[in-house]
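Below: the structure, in structure tokens.
Atoms considered below: every heavy atom in the structure, side chains included; atoms not considered: hydrogens, waters and symmetry mates. In this chain, numbering begins with 1 at the start of the sequence shown.
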Amino acid sequence: MTPSYGGSELARVSIEVADGVRLHEVKVMQSGSVFARNATLDRNAINQILDLVKGARHERLAS
């Protein structure tokens, strides 16, 4: 996970969506939106990404 670029962006992450298929520079926003170039994500996938990013940020801040 790379740090936020500021504003309402939480992070940019790389995600393996299937065995051997990775999306890089996926932008996760505080609003709950997730943007990946040339990819479409359903609401369930977006919610899973948000949960993972928020959990990782919380752990990083707690350390």
Would you name the heavy atoms of L10 and Q30 that are closest together and state the gap between them? CD2-CG, 3.4 Å

Out of I46, L52, V53, which one pairs with L50 under the side chain to side chain contact (heavy atoms under 4.5 Å, CB included) rule?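 Exactly one option meets the side chain to side chain contact (heavy atoms under 4.5 Å, CB included) with L50, and it is I46.
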
Treating Ile, Leu, Val, Met, Phe, Trp and Tyr as nodes and any side-chain heavy-atom pair under 4.5 angstrom as an edge, say whether M29 and V13 lie in one connected cluster.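 No; V13 is not reachable from M29 via cluster members.
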
R43 side, atom CZ; Q48 side, atom CD - distance, nearest 0.5 Å: 12.0 Å

What pairs of donor and acceptor atoms, side-chain ones from residues 32-39 against any protein atom, are under 3.5 angstrom apart with sequence neighbours left out?
from	atom 1	to	atom 2	distance (Å)
S33	OG	S31	OG	3.3

